[in-house]
Amino acid sequence: MKTYDWIVIGAGITGAALAYELMKVGFSVLLLEQDAALHNATRYSYGGLAFWSATTPLMRQLCDEGIARHRILSTELDADTEFRELDLLLTIATDTDPEVAAAFYANFAIPPKLLSVDEALEMEPLLNKQAIAGALTVKHGHINPEKTAQAYIQAFLRAGGEMEITQVQTFTSNHASQTIKTTTKTYHSANIVVCAGGLSRQLLKASGISIKLYFTHAEMIQTPPVEVRLRTLVMPANLQRFQLEAESTKIDELWNEPGHELLAPILDAGAIQFQDGSIRLGQISRVLTDPYIDIDRKTSEGWLRRSIGAILPALSNLPGTWHHCLVAFSGDRAACPKDSRLPIIGSIPGCHGVYLFSGFSNPLVLVPPLAQRFANYLTGKEDEIISQLSPVHFQSSM
Ligand SMILES: Cc1cc2nc3c(=O)[nH]c(=O)nc-3n(C[C@H](O)[C@H](O)[C@H](O)COP(=O)(O)OP(=O)(O)OC[C@H]3O[C@@H](n4cnc5c(N)ncnc54)[C@H](O)[C@@H]3O)c2cc1C
């Protein structure tokens with residue numbers, strides 16, 4: 001019976017980066033992923049790196065470390081993550097005062113610059129002039145998130161890491177070792193770390209652990225490579241998703257009962273073109289407590305196309321396929337509710353050897369530095385940032 005130092009559950013960007021960093025510091029690691037063909041949040045993400053968006057010294061430090069890490073990641077992993085910098089355009093709706101929209105971002109590390117309608121159109125000619133009162137712009141980072149996760153996994157495997165495609169059903173924890181039961185096999189390790197994205201809450205619950213970790217159902221359309229050229233990453237200045245997340249977690253117990261729709265769905269109309277010419281159009285977010293619920297794709301696709309068409313008319317009728325995935329986010333922290341957008345990283349109290357690395361609100365920029373810090377911390381090095389993200393601040397009553 002082989003016993004690993006670490007079993008990492010989930011091979012999205014969180015699990016892929018952490019598995020690689022754990023190997024790098026000398027642990028033996030097994031990465032378990034349920035799907036051979038991924039259809040996770042990493043796969044359908046826009047790939048944006050909001051390194052400019054920090055509003056606290058902690059986030060500023062992590063964003064600086066994140067963008068620095070992305071600049072060298074292709075070289076370190078020996079595979080192209082398609083990292084680049086591009087212009088982000090945050091559209092301001094016609095019923096919003098542009099100065100008020102700009103004021104919201106005034107205390108961000110790099111506040112976006114306010115543009116008139118004509119300046120916004122000069123930057124992004126595909127915008128519908130009638131639909132906006134102006135826009136904000138800032139330099140944004142961009143990667144291909146799927147390629148970045150794959151680059152981490154390939155580097156992990158080259159370093160001697162192991163990976164299996166199998167679904168984890170439960171795990172049991174005792175002081176000496178962890179037993180992980182999957183649909184095909186039982187595995188043993190000294191420690192496990194849950195990186196199962198939007199399914200982390202269910203997996204922890206099945207193993208008797210309650211954590212304030214939630215998920216939205218996200219929907220988007222992916223086009224094949226197309227002729228039309230979108231120059232910028234377009235998103236609304238007023239992102240409704242964060243408000244939806246905050247509102248939906250007021251009563252944690254409701255998340256243990258499948259069948260609730262806690263709030264009406266929202267749509268933040270956005271678009272990004274990848275380097276191969278394909279475009280991602282999004283995004284609907286729903287707070288449905290059943291992670292496996294069926295969503296009416298036809299109605300959703302119509303809503304997405306109409307909403308994108310209002311802002312970027314040339315994109316509304318492009319060929320494309322509707323996709324759905326779950327996106328994890330963290331809840332209020334008992335210790336400091338103001339910092340509720342922090343991820344949850346560390347050992348789960350009362351469950352020796354069980355760790356969590358999930359709930360990121362700005363994951364693509366934060367995961368690389370935090371995976372590196374967390375792996376070093378697990379070798380016994382002090383890290384005052386990792387200590388602040390401990391699950392102890394997010395635990396529900398059991
Ligand atoms: C349309 C859209 C746009 C986005 N844009 C951005 C953006 O611009 N910038 C940004 O930073 N973020 C963005 N995000 C969010 C970001 O993509 C995700 O939060 C992030 O990729 C999540 O990574 P993850 O590893 O936590 O989860 P996932 O990528 O969902 O990976 C979790 C993995 O765990 C596996 N798993 C689950 N349960 C089990 C089990 N029991 N056994 C084995 N494996 C299991 C799943 O199959 C999955 O592969 C966007 C998301 C969407 C949907």
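Just so you know, ligand 1 is whichever comes first in the structure, and atom 1 is the first atom listed for that ligand.
- With sequence neighbours excluded, the residues that form a side chain to side chain contact (heavy atoms under 4.5 Å, CB included) with Ala375 are Glu21, Leu22, Val25.
- Not counting sequence neighbours, the partners of Glu257 by the side chain to side chain contact (heavy atoms under 4.5 Å, CB included) test are Leu254, His260.
- If you take CD on Glu162 and CG on Leu157, they are separated by 9.5 Å, rounding to the nearest 0.5 Å.
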| task | Check step by step if salt bridge (charged side-chain N to carboxylate O under 4.0 Å, His left out) holds for Glu301 and Arg306. | result | CA-CA 9 Å; Glu301 185 168 343; Arg306 276 194 309 281; over 6 Å; no
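- For ligand 1, the protein residues placed under 4.0 Å by at least one non-hydrogen atom are Ile9, Gly10, Ala11, Gly12, Ile13, Thr14, Leu32, Glu33, Gln34, Asp35, Leu38, Asn40, Ala41, Thr42, Tyr44, Ser45, Tyr46, Gly47, Gly48, Thr166, Gln167, Val168, Cys195, Ala196, Gly197, Leu199, Ala218, Met220, Gln283, Cys325, Val327, Asn362, Pro363, Leu364.
- Qualifying side chain to side chain contact (heavy atoms under 4.5 Å, CB included) partners for Pro112, counting only residues two or more places apart in sequence or in other chains: Trp52, Leu90, Tyr105, Leu136, Val138.
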| query | Could you go step by step and tell me if Tyr20 and Phe156 meet the ring pair (Phe, Tyr, Trp, His ring centres under 6.0 Å) rule? | reply | CA-CA 5 Å; Tyr20 167 78; Phe156 161 74; 8.2 Å; no
